[in-house]
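Take a look at the structure below.
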There are 4 protein chains.
Amino acid sequence: MQTEPRGPKFRRRAEARPEEVLDAALALFVEKGFASTRVEDIASRAGLSKGAVYLYFPSKEAILEGLVQRAVVPIAANALGFLSNYTGDPRPVISSVLKMVAHQLTQPGTVAIPKLLIREMIHFPELAAMYRREVLDRVLPVLEQLISNGVAEGHFRPIDPQLTIRSIVGPIVLHMLMAEVFGIVPDEGLAMERLVDNHLAILFDGLSAPQSDRRFMAT
Amino acid sequence: MQTEPRGPKFRRRAEARPEEVLDAALALFVEKGFASTRVEDIASRAGLSKGAVYLYFPSKEAILEGLVQRAVVPIAANALGFLSNYTGDPRPVISSVLKMVAHQLTQPGTVAIPKLLIREMIHFPELAAMYRREVLDRVLPVLEQLISNGVAEGHFRPIDPQLTIRSIVGPIVLHMLMAEVFGIVPDEGLAMERLVDNHLAILFDGLSAPQSDRRFMAT
Amino acid sequence: MQTEPRGPKFRRRAEARPEEVLDAALALFVEKGFASTRVEDIASRAGLSKGAVYLYFPSKEAILEGLVQRAVVPIAANALGFLSNYTGDPRPVISSVLKMVAHQLTQPGTVAIPKLLIREMIHFPELAAMYRREVLDRVLPVLEQLISNGVAEGHFRPIDPQLTIRSIVGPIVLHMLMAEVFGIVPDEGLAMERLVDNHLAILFDGLSAPQSDRRFMAT
Amino acid sequence: MQTEPRGPKFRRRAEARPEEVLDAALALFVEKGFASTRVEDIASRAGLSKGAVYLYFPSKEAILEGLVQRAVVPIAANALGFLSNYTGDPRPVISSVLKMVAHQLTQPGTVAIPKLLIREMIHFPELAAMYRREVLDRVLPVLEQLISNGVAEGHFRPIDPQLTIRSIVGPIVLHMLMAEVFGIVPDEGLAMERLVDNHLAILFDGLSAPQSDRRFMAT
DNA sequence: TATGAATGAGGTTTCATTCAT
DNA sequence: TATGAATGAAACCTCATTCAT
């Protein structure tokens, strides 16, 4: 008659639950958008019941917040260290950073958050603000400093560091955007490596044919 | 007892109603997103009743379609002519095209449609497909050809034309994106002109300090 | 500057307009039901504008009322005369009445109103009441009297006149109903005449084989 | 401050909810018609909230379908067995079938579905088709066979079995129809039993007075 | 902790009716 | 008389959230 309080039947790793919810939510938000994703979808993809989701997150929006939070933490903890206070020719650093970024962008997890923010920013502006504060406002100044140093030390022409960041990173972003939004991919496929190589060549040495040729042509 | 001459209940203005609806919808879709915009909002901003909107568009989605259609038509009608079959040094053309694009992008109407598409593409993929078909698939090949010519005629280094398009346009897109999504604007403000100038300098002649320095450094 | 009041351009037979509206409405109500018929449909089928319909009928419901009214008038004016006060063997009369009714029922116009009433009675019970008052309450008593006379004069068995009316008319109604509602038609087609012949044979002389045979079989 | 024990906001009764919804819907559809019945009406009559109805049925139309389905199932499961392959004088069988049918038709539940179909067939023709397929196409052939046998074995005159079905059942249907649609009821009330008795007398032996009389009259 | 039945606000769409012209 | 642009009420359906169990 009585139900002896036996030890937990299994205690399905209760600790990892919020993470699983976030994983499920991220996948679905990216696939279908925030609004079109039902809480029940998230729950069942995470292997939970709808109600259980609310044990971990007070609302659907909170899941999105949690998503951005989770993406933000490693940035703060990690990185930048090897960029900061760097002196010397910044070109090798930029090369490797660009390649790293390009590689990251092909990992689905990395772009998901910015993609989400681009879409949902209107509905949740605080989120975009948070992402900016925690991620962009930390990374951009470092890059800016790197370029400034490059100019100061004569490695670079005298260009505007802030604007130049756009010239460095913009092509990669556009590349992703064209592929993601419009399905426009170069003949050879996404080809992130080729894009970066092509871009670095232009970035450092310019689009124009070398001086000698130009003088010749000008004749 | 008195018949105060109130404003007429019905205003008869068949004229440009659909245009007005589109204008109102564009503004609201950009401001609040498609889903969060109620048809009634559109109606009242256009000075109509909810029902009247349905005299001109069979559904809310049709309004969005109409919006993209309207943005697409001028592209087909308009230009490219002055780009096609262009021969000679492409650099001046690229300069002016870039300046033109940059100028266009500061006009609210122009960016609105792509911004909308980036957000709503998930929910209405046909729209993005249409925009791609009608706009991008017309413009990109022309640019590609321009660059190919530049390479063939020795004005440019031997670079990949398709990928190079991203190096040319990407920075401007990123500039807009940073401003729009994250509110990140250079210290001097949007400064589209300065951005383009900075970018063109890098684009044509590279980020690196002139050859002389580099030879020196390479030593 | 002034618009001389010229004679009417054409004065498109303004008199017949209500009739045309009723015709259009009847066709559409039967085809699509009352609720699914838009006033604009009626108008355009009648060759009018939506607004013009309201010059003749104050509401959509009034059109339906007009329809029933119009169907009711001829009944009151016409008929019954030749049935009333009939004496002598009623069988020939019933035969010809039944054939007439059957013929009438194949005319689309005649069944339309009862069909409408069967469907819409719930929404407009007064209409059914009116039809009953003006049509059925006039016709049924006459039939009842006819049968009563037949019994009194020894032509018929002693049966209940009111209930017998159902035995006389029911099969024809069911025949129509099966065809109209369920599309169930005998192998030979609607075959109204055959149905009536078959039914009259049963009605007057019974389904059972003649007495002589029955006695034989009973042996 | 006090927590008055109000009725629980949520009642958990997964049991027979769909059945209750169907019951409520049937009652309302019959009373007010399909279109005039709001889903919320159904819900509250079933003791649910509007939204809960959609837990069991994906749409209002699905409720109607469910209604017809539910009416159809017992037919397939049930009877006909005792009719099929019957040999011998069919008259007792017809008598009892007719009495059974008449009895059934006085049960509110039974007529409701056909009544609904007559009304809504225009809007949902598939429903009428389903009812025909599952019910009528099963019952009618059996009746037809029964009559054929009666003719073959000399119990009946040589009549058309398909048409004769109408002569057998029609009066009962008309009786219901007159009562339901026009409120026309014999002086003695619905009197289903009397109707059937009167009809059976006519059906088997005819309306006309017995042979002897007729011979006399014919003289 | 976990479930999932139940709630109810909110928005799109239809269309009878009105009325300025 | 005639038009048809405009109105606005009404109802279906979705889904985030709650809570009895």
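Values below: every heavy atom of this structure, side chains too, minus hydrogens, waters and symmetry copies. Lettering of chains follows the sequences in order, A, B, ..., and the numbering in each one begins at 1. Computed from a predicted structure; not experimentally measured.
For the pair C/G51 and A/T37, nearest-nucleotide mapping onto DNA chain F gives the more 5' position to C/G51. Both D/A52 and A/A52 sit near DNA chain E, but only A/A52 has its closest nucleotide nearer the 5' end. Between B/Y54 and C/V39, it is B/Y54 whose nearest contact on DNA chain E lies nearer the 5' terminus.
Taking atom CD1 of residue D/I42 and atom P of nucleotide F/dA11, one finds them 13 Å apart after rounding to whole Å. In this structure, NE2 of D/H123 is placed 17 Å from P of E/dT14, rounded to the nearest angstrom. Atom CD in A/E40 sits about 14 Å away from atom C1' in F/dT18, given to the nearest Å.
Paired regions of DNA chain E, where each region holds three or more successive Watson-Crick or G-U pairs whose two hydrogen-bonding distances fall under 3.5 Å, are E:2-21 with F:2-21.
DNA chain E lies under 4.0 Å from no heavy atom of any residue of residues 28-36 of chain D.
Checked for salt-bridge contact, B/R45 and B/D23 miss the test: no charged N lies under 4.0 Å from a carboxylate O.
In the set F/dA11, E/dG10, F/dT17, the nucleotide with an atom closest to the side chain of D/K50 is E/dG10.
Screening B/K60, B/K32, B/K50 against B/D41 for a salt bridge (charged side-chain N to carboxylate O under 4.0 Å, His left out) leaves a single residue, B/K32. In summary, of the residues considered (A/E120, A/E31, A/E180), a salt bridge (charged side-chain N to carboxylate O under 4.0 Å, His left out) with A/K115 occurs for A/E180 alone.
Annotation: side chain of A/I42 is in contact with side chain of A/F29 (closest heavy-atom distance under 4.5 Å).
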